[in-house]
Amino acid sequence: MSTPVDKSQVGLTERQYHIGIAPGEVSSVALLPGDPFRVPFVAEFLTDVREVAHNREHRTMTGW
């Protein structure tokens, strides 16, 4: 029998491998376009934009 994992704690202290983001690198508010190629189009409406990570279909940008 395997040991249960508390998934509520996963990724709170280290970089999440599937999206390539560590705690504190992005805001608590997020816009989630359905297609990673739409992310730059959404970013055109922001200022101080920077790409945080891009891993497979997960593309993350931040800005104001």
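Since we're looking at a predicted model, the values are computed, not measured.
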Closest non-hydrogen atoms of Ala22 and Arg15, given as atom of the first, atom of the second and distance, are N-NH1, 3.5 Å
Treating Ile, Leu, Val, Met, Phe, Trp and Tyr as nodes and any side-chain heavy-atom pair under 4.5 angstrom as an edge, say whether Val39 and Val49 lie in one connected cluster. yes
Kindly say whether His54 contributes a backbone atom to a donor-acceptor pair with the side chain of Arg59 at under 3.5 angstrom? no
Over all atoms of both residues, closest heavy-atom pair of Ala53 and Gly20: CB-O, 3.6 Å
Nearest 0.5 angstrom please: Glu14 CD to Ile21 CD1, how far? 14.5 Å
Does Leu46, at its CG atom, have more than 12 non-hydrogen atoms belonging to other residues, nucleotides or ligands within less than 6.0 Å? yes
How close do Asn55 and Tyr17 get, counting heavy atoms only, and between which atoms? ND2-O, 3.2 Å
Within one Ile-Leu-Val-Met-Phe-Trp-Tyr cluster: Val26 and Met61, side-chain cutoff 4.5 Å: no
